[in-house]
Amino acid sequence: MVIFGIDIRVYFLLFMLYSFIGWCMEVTGKLIQYKRFINRGFLVGPYCPIYGCGAVLITLCLTPFKEHPVGLFILAMVLCGSLEYATSFIMEKAFNARWWDYSEMRFNINGRVCLLNSIYWGFLSVFFIEIWNPLVETQLTKIPSDIILYIDIILVAYIVVDMILSSIKASNLSKRIKKLIQLGENLKE
């Protein structure tokens, strides 16, 4: 299947590549901030799917606005902010935990998104659509499609196993937190 001239298998590789790059950005940021390694992803593996989803969404939805950088910037802020908000909301409801909180930042919405990060996503998206993504897509389309298929199958199997294991881990963490809260309430009594 081809979307905007690109094989869907290539989109999956883009998803994985940008999920990994996002994880590297997150880990590097925390390494600088706390001077120690912190795995910032929900999943065990070295990737943050929200970045992969964002990159693919930006590619699919915003490439037609390539000739209008200001419109692209604004649409990217809205698209990425919406994805970040929805992901935060869903993960919190599913696992009773928050993976990020911007409550201390100015101009935030329920601590899930903030204006400063949305501006960063806007600039990053313009760079992504105008410069970076065309270079990466050109290289990925040089890989034979049967090789891409095998790589995708392996990566999908890896992600499915990782999602199952990570969901079990997060569920257990949620149960432990509830037990600690109950213990705290018992101690108060």
Side-chain angles (χ1 to χ4, degrees), residues 1-29 40-43 45-91 94 99-100 102 105 107-110 112-160 162-163:
M1 176 188 248
V2 176
I3 303 173
F4 295 124
I6 298 175
D7 188 318
I8 194 154
R9 293 173 287 195
V10 173
Y11 278 112
F12 183 73
L13 282 182
L14 283 174
F15 165 80
M16 289 303 297
L17 173 67
Y18 292 123
S19 293
F20 175 71
I21 291 171
W23 179 85
C24 290
M25 288 178 4
E26 290 280 340
V27 168
T28 301
R40 287 287 296 157
F42 163 75
L43 300 169
Y47 46 90
C48 292
I50 189 171
Y51 288 96
C53 288
V56 171
L57 274 174
I58 289 165
T59 302
L60 290 172
C61 298
L62 302 183
T63 299
F65 299 95
K66 184 176 183 170
E67 304 304 318
H68 308 283
V70 173
L72 173 61
F73 175 83
I74 292 167
L75 289 170
M77 285 179 58
V78 172
L79 181 66
C80 293
S82 299
L83 174 63
E84 187 173 28
Y85 191 96
T87 302
S88 173
F89 181 83
I90 291 166
M91 289 181 74
W99 272 259
W100 61 88
Y102 303 125
M105 306 276 297
F107 309 111
N108 74 79
I109 302 173
N110 299 325
R112 298 182 193 287
V113 293
C114 68
L115 180 60
L116 182 61
N117 280 15
S118 293
I119 290 170
Y120 289 150
W121 298 134
F123 282 120
L124 189 59
S125 296
V126 171
F127 170 76
F128 180 79
I129 292 292
E130 298 284 341
I131 298 166
W132 181 257
N133 212 30
L135 295 172
V136 172
E137 288 174 1
T138 299
Q139 296 307 311
L140 288 178
T141 56
K142 291 179 181 177
I143 301 171
S145 62
D146 55 335
I147 300 294
I148 289 176
L149 178 62
Y150 294 129
I151 293 169
D152 284 353
I153 290 169
I154 292 166
L155 290 174
V156 166
Y158 180 76
I159 287 175
V160 168
D162 193 348
M163 285 181 163

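In terms of heavy-atom proximity, C80 sits nearest to I58 at SG-CD1, 3.6 Å. In terms of heavy-atom proximity, T138 sits nearest to P134 at OG1-O, 2.7 Å.
Side-chain contact between W100 and I50 is present, with heavy atoms from C-beta onward closer than 4.5 Å. Within the 4.5 Å cutoff, the side chain of Y11 has heavy atoms near those of the T59 side chain.
Y18 pairs with exactly one of W23, W132, Y47 by the side chain to side chain contact (heavy atoms under 4.5 Å, CB included) rule, that one being W132.
Considering CD1 of I74 and CG of L62, their distance stands at 12.0 Å, rounded to 0.5 Å. Residue I159 holds its CD1 atom at 9.5 Å from CG of D152, rounded to the nearest 0.5 Å. Rounding to the nearest 0.5 Å gives a distance of 7.5 Å between CD of Q139 and OG1 of T141. Between L149 atom CG and I154 atom CD1 the span is 10.0 Å, to the nearest 0.5 Å.
For F12, the ring-ring contact (aromatic ring centres under 6.0 Å, His included) partners at least two apart in sequence or on another chain are F15. A search for ring-ring contact (aromatic ring centres under 6.0 Å, His included) contacts involving Y85 returns nothing, not counting sequence neighbours.
Within 6.0 Å of OH in Y150 there are 12 or fewer heavy atoms belonging to other residues, nucleotides or ligands. Applying the 6.0 Å contact sphere to CD1 of I143 captures more than 12 heavy atoms from other residues, nucleotides or ligands.
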Using residues 114-131 as the side-chain source, report each donor-acceptor pair under 3.5 Å to any protein atom, sequence neighbours left out, with the distance given to one decimal.
residue : atom : partner : partner atom : Å
N117    : ND2  : Y102    : OH           : 2.8
S118    : OG   : C114    : O            : 3.2
S125    : OG   : W121    : O            : 2.7

Apply the test side-chain contact (heavy atoms from CB on, under 4.5 Å) to residues E137 and L14: give CA-CA distance (whole Å), side-chain angles for both, the deciding distance (0.1 Å), then the verdict. CA-CA 8 Å; E137 288 174 1; L14 283 174; 4.0 Å; yes
Test log, rule side-chain contact (heavy atoms from CB on, under 4.5 Å), inputs L155 and L13: CA-CA 9 Å; L155 290 174; L13 282 182; 4.0 Å; yes
